[in-house]
Amino acid sequence: MNLQEQNWTNLFGNHTPEGIAWYGIWTRYSLELEVINSFQGIRKFSANQDKTVITHHNSYTYADGSTEEKQWQIEKEIANKPDGIIHPAFQSMRTLSFSKEAKTWMCPQLKIGYRFGCELFFQHQNFRTSVASMYGENGELAGLTQIREHLNSYPDQKPGAELKNISGNWVGKKQSLTPDLQISQEPEPTELKLDPTAGKNPTFFLPDGIVINVPEKVKIGEEFELVVGKMVIENKYKRMIIKYDKDGKFIQLISEVFDQKN
């Protein structure tokens with residue numbers, strides 16, 4: 001199976017005509033981490049028989065009781081590209097995946113005068129969390145969105161606490177993915193630090209054990225990276241990192257999984 005086909009299979013290989021649905025609570029935060037709004041959203045994906053056309057349907061229910069529906073069709077022949085999958089909602093973004101549990105929706109190129117950002121996904125069994133970091137046309141960080149989801153029903157657990165400190169011994173596994181979708185195994189990390197940028201990026205702590213390390217501004221001429229991690233269960237921490245070069249071009253996606261040693 002070639003890399004392009006593997007990326008499509010990772011994302012849509014388990015989809016059926018009956019479909020699967022992720023029921024979520026979407027919470028938008030200001031840069032001061034104040035809640036701007038929170039609402040319910042259902043993301044449903046269904047496939048035709050040969051999994052070459054994916055129907056993506058979103059249903060939203062807002063705090064005032066109003067509702068909204070959106071639907072797109074993702075056609076494999078059109079959308080499955082050598083640098084990732086194009087979603088009809090944003091032609092400039094790509095979806096990349098290491099597996100069904102580790103994937104991102106991101107911009108492969110920073111362009112001045114255009115919005116920029118990413119959504120990083122962390123799945124554990126039937127629970128999934130994603131974090132979106134969005135930048136305005138001026139390159140400044142505009143806000144953060146946390147989406148807590150559960151397969152086929154809304155999450156019945158309250159969000160966990162913030163994760164501002166971590167202790168103990170952790171052993172990690174690390175993979176990298178390049179713009180041509182090539183996945184490589186990297187040397188195993190021997191230490192878990194909540195800020196892998198060593199202070200270069202500000203750190204934002206959200207409920208449910210989410211740690212975000214992203215620049216307050218991105219610009220051409222400086223390398224930068226977008227980092228999000230989550231404690232998915234008590235003794236397992238997952239993190240994803242998107243790296244860009246000085247020209248604002250995507251160069252590497254990193255997936256790390258840390259397990260605490262007894």
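Annotation for Glu216: atom CD does not count as buried by contact number, only 12 or fewer foreign heavy atoms lying within 6.0 Å. Atom CZ of Phe205 has more than 12 neighbouring heavy atoms from other residues, nucleotides or ligands inside a 6.0 Å radius. The environment of Lys44 atom NZ is sparse: at most 12 non-hydrogen atoms of other residues, nucleotides or ligands sit within 6.0 angstrom. Annotation: Gln49, atom CD; neighbour count of heavy atoms from other residues, nucleotides and ligands within 6.0 Å does not exceed 12. Within 6.0 Å of CG in Asn165 there are 12 or fewer heavy atoms belonging to other residues, nucleotides or ligands.
Proximity of a side-chain donor or acceptor of Lys103 to a complementary backbone N or O of Phe98 within less than 3.5 Å is not detected. Distance alone, capped at 3.5 Å, is enough to place a donor-acceptor pair between the Lys51 side chain and the His15 backbone. Panel note: side chain Arg94, backbone Gln91; a donor-acceptor pair is recorded below 3.5 Å. Between the side chain of Trp22 and the backbone N or O of Phe127 there is no donor-acceptor pair closer than 3.5 Å. In this structure, Ser97 contributes its side chain and Ser99 its backbone to no donor-acceptor pair below 3.5 Å. Between the side chain of Asp83 and the backbone N or O of Pro179, no donor-acceptor pair lies under 3.5 Å. Of the possible polar contacts, none joining the Arg43 side chain to the Ile20 backbone as a donor-acceptor pair under 3.5 Å is found. Proximity of a side-chain donor or acceptor of Gln109 to a complementary backbone N or O of Ser92 within less than 3.5 Å is not detected. Panel note: side chain Gln4, backbone Asn80; a donor-acceptor pair is recorded below 3.5 Å. Without hydrogens or angle criteria, Asn201 side chain to Asn213 main chain gives a donor-acceptor distance under 3.5 Å.
Between Gln73 and Ile54 there is no side-chain heavy-atom pair separated by less than 4.5 Å. Inter-residue side-chain proximity for Leu226 and Ile241 is flagged as unmet; no heavy-atom pair is nearer than 4.5 Å. Side-chain contact check for Thr129 versus Ile147: every heavy-atom pair is 4.5 Å or farther apart. Using a 4.5 Å heavy-atom threshold, the side chains of Val35 and Asn37 count as separate. Side-chain contact between Ile242 and Leu120 is present, with at least one heavy-atom pair separated by less than 4.5 Å. By the 4.5 Å heavy-atom criterion applied to side chains, Lys246 and Ile220 are not counted as neighbours. Taking the side chain as every heavy atom from C-beta outward, Asp245 and Phe250 never approach each other to under 4.5 Å. You'll find the side chain of Pro196 reaches within 4.5 Å of the side chain of Arg239, heavy atoms only.
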(request) Give the intermediate values and the outcome of side chain to side chain contact (heavy atoms under 4.5 Å, CB included) for residues Arg128 and Phe121. (result) CA-CA 7 Å; Arg128 187 173 80 170; Phe121 292 82; 3.8 Å; yes
(request) Given side chain to side chain contact (heavy atoms under 4.5 Å, CB included), test Phe12 with Thr95 step by step and report yes or no. (result) CA-CA 11 Å; Phe12 303 124; Thr95 305; over 6 Å; no
(request) Determine, stepwise, if the pair Lys76 / Glu5 fulfils salt bridge (Lys or Arg N to Asp or Glu O under 4.0 Å). (result) CA-CA 10 Å; Lys76 184 177 181 181; Glu5 185 70 20; 2.7 Å; yes
(message) Please evaluate residues Leu194 and Leu163 with respect to the criterion side chain to side chain contact (heavy atoms under 4.5 Å, CB included), reporting the C-alpha separation (whole Å), side-chain torsions for both, the decisive distance (0.1 Å), and the verdict.
(response) CA-CA 9 Å; Leu194 293 183; Leu163 178 70; 4.0 Å; yes
(message) Does Phe45 form a ring-ring contact (aromatic ring centres under 6.0 Å, His included) with His56? I'd like the steps, not just the answer.
(response) CA-CA 5 Å; Phe45 298 86; His56 174 192; 4.3 Å; yes
(message) Apply side chain to side chain contact (heavy atoms under 4.5 Å, CB included) to residues Gln40 and Tyr154 and explain how you reach the verdict.
(response) CA-CA 9 Å; Gln40 294 180 329; Tyr154 285 107; 3.6 Å; yes
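In the hydrophobic cluster analysis, where Ile, Leu, Val, Met, Phe, Trp and Tyr join through side-chain heavy atoms closer than 4.5 angstrom, Met106 is grouped together with Ile112. Phe224 and Val227 are not part of a single hydrophobic cluster, where members link through side-chain heavy atoms under 4.5 Å apart. Hydrophobic clustering of Ile, Leu, Val, Met, Phe, Trp and Tyr side chains at less than 4.5 Å, counting indirect connections, keeps Ile85 apart from Leu177.
Ring planes of Trp72 and His87: perpendicular class, angle over 60° (limits at 30 and 60°).
In summary, the side chains of Asn58 and Tyr60 do present a donor paired with an acceptor at a separation below 3.5 Å, with no hydrogens or angles considered. With hydrogens and angles left out, the side-chain atoms of Ser255 and Gln175 include no donor and acceptor closer than 3.5 Å. For the residue pair Glu119 and Ser130, a side-chain donor N or O sits within less than 3.5 Å of a side-chain acceptor on the partner. Checking Asn10 against Gln6 by side-chain atom types alone, a donor-acceptor pair falls below 3.5 Å. Under the 3.5 Å distance criterion, with hydrogens and angles disregarded, a donor-acceptor pair is assigned to the side chains of Glu69 and His57. Side-chain contact, Glu68 with Tyr62: a donor N or O sits under 3.5 Å from an acceptor N or O.
At a threshold of 4.0 Å, the pair Glu223-Lys243 does not count as salt-bridged, since none of the basic side-chain nitrogens sits closer than that to a carboxylate oxygen. A salt bridge links Glu101 to Lys238: one of the charged nitrogens lies within less than 4.0 Å of a carboxylate oxygen. At a threshold of 4.0 Å, the pair Glu186-Lys174 does not count as salt-bridged, since none of the basic side-chain nitrogens sits closer than that to a carboxylate oxygen.
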